[in-house]
Amino acid sequence: MASSKLSPCLIFLQVVFLVLVFNSANAQLRVGFYKDTCPKAEAIVEEVMHQVMKVAPSLSGPLLRMHFHDCFVRGCDGSVLLNSSTGQAEKDSPPNLSLRGYQIIDRVKTALEKECPGVVSCADIMAIVARDVTVATMGPFWEVETGRRDGRVSNILEPLTNLPPFFANISQLISMFRSKGLSVKDLVVLSGGHTIGTSHCSSFSSRLYNSTGKDGTDPTLDSEYIEKLKRRCKVGDQTTLVEMDPGSVRTFDNSYYTLVAKRRGLFQSDAALLDNSETKAYVKLQSAATHRPTFFKDFGVSMINMGRVGVLTGKAGEIRKVCSKVN
């Protein structure tokens, strides 16, 4: 017959369990997470990024993209920053080989470690940097929720199955975003981040030379734009960079949607936005807009949504001292 009295050991375990549950439930992201532990955190990030953008404005797109690539693999946990001595980390995976700006994250981290050692996570740094480069390119400001902790695992295979590829169709895109808890609207809004940055010819050359239309071209891509792109990208070109939003590559605006509406989106995944009624309606809305506030507000909301994907909080993970390696 079971005893009606609980042993001291069992009572202790129950208390520990309740404390862990309580901490987990309350250790959520919030604006101003570092208000008491590192009050100058965001100001320090802003100052470093101000200096960076003055000399290297072309890094705005890559740094925004880095946050996206981090959040879609294992959640927003900084795992994309980790190095592997055997070349088996996320950054070694084919979809991430063109990522740039790791040294900027390291520079921000060094400045923060000097001010408040062991406090601000690398995952949070990427989220704040993504906002600051958007603002630096005349884009929207949003309050960044912080409190993320850094993961300890980075796997070369995971980006291949978690990052939406540039050749994805609309069904694949919607499915991949929904698997991260993101909506169809988040998909079409976050695609607008293609308004800044560049891409290698290899990411879209199949639309020019190996598709189903005339002379191997993609029938969903504007024919005049095809000829223009062919002049820049020859068969087999792996190195040439092309602006994703020609004429607006360093200005965050809604002109990306004007291009997509005209069948001039660079990637197949851009063109796919015209294959769904909801995403197509948003493209048409923004392409016809004479001002940017609607897209700007939407982008901030969707970036906050993405920044919540799979985060580690409370006692999970760690706060790395150096962003490229676990403690």
Legend entry - pair R148-D77: side-chain heavy atoms closer than 4.5 Å: no

Inset, instruction - Please examine the side chains of M244 and D270, heavy atoms only from C-beta on, and report whether any two atoms are closer than 4.5 Å. - result: no

Legend entry - Charged N-O contact under 4.0 Å between R74 and E158: yes

Legend entry - Any side-chain donor near an acceptor of the partner, T195 and D253, under 3.5 Å: yes

Inset, instruction - Side-chain contact test, heavy atoms from C-beta onward, threshold under 4.5 Å: evaluate it for M126 versus V80 and give yes or no. - result: yes

Legend entry - Note, E90 side chain near L82 side chain (heavy atom, < 4.5 Å): no

Inset, instruction - Measure from NZ or CZ of K91 to the centre of the six-membered ring of Y102, then state whether that distance is under 6.0 Å and the direction lies within 45° of the axis. - result: yes

Inset, instruction - Only pairs at least two apart or in different chains count here, so list each ring pair (Phe, Tyr, Trp, His ring centres under 6.0 Å) that has a residue in residues 145-187. - result: F72-F177

Legend entry - Donor-acceptor pair between N96 and S93 side chains, under 3.5 angstrom: no

Inset, instruction - Work out which heavy atom in K315 is nearest to a heavy atom in R149; give both atom names and the distance. - result: C-NE, 3.9 Å

Legend entry - Pairwise side-chain contact, L173 with M176, heavy-atom cut-off 4.5 Å (strictly under): no

Inset, instruction - Verify the distance criterion only: is there a donor paired with an acceptor across the side chains of R207 and T220 at less than 3.5 Å? - result: yes

Legend entry - Side-chain heavy-atom pair Q286, T294 within 4.5 angstrom cut-off: yes

Legend entry - Residue pairs fulfilling salt bridge (Lys or Arg N to Asp or Glu O under 4.0 Å) with at least one residue in residues 219-235, sequence neighbours excluded: D222-R264, E224-R264

Inset, instruction - Compute the ring centroids of F141 and F299, then answer whether they are less than 6.0 Å apart. - result: no

Legend entry - Stepwise side-chain hydrogen bond (donor to acceptor under 3.5 Å, both in side chains) check, S302 with N305: CA-CA 5 Å; S302 288; N305 291 342; 4.7 Å; no

Legend entry - Ionic contact status for E47 with K40, cut-off 4.0 Å: no

Legend entry - Validation row: M138, F252 side chains within 4.5 angstrom (heavy atoms): no

Legend entry - Residue pair P140 / T134, side-chain heavy-atom distance below 4.5 Å: yes

Inset, instruction - Return yes when atom NZ of K180 has more than 12 non-hydrogen atoms of other residues, nucleotides or ligands closer than 6.0 Å, and no otherwise. - result: yes

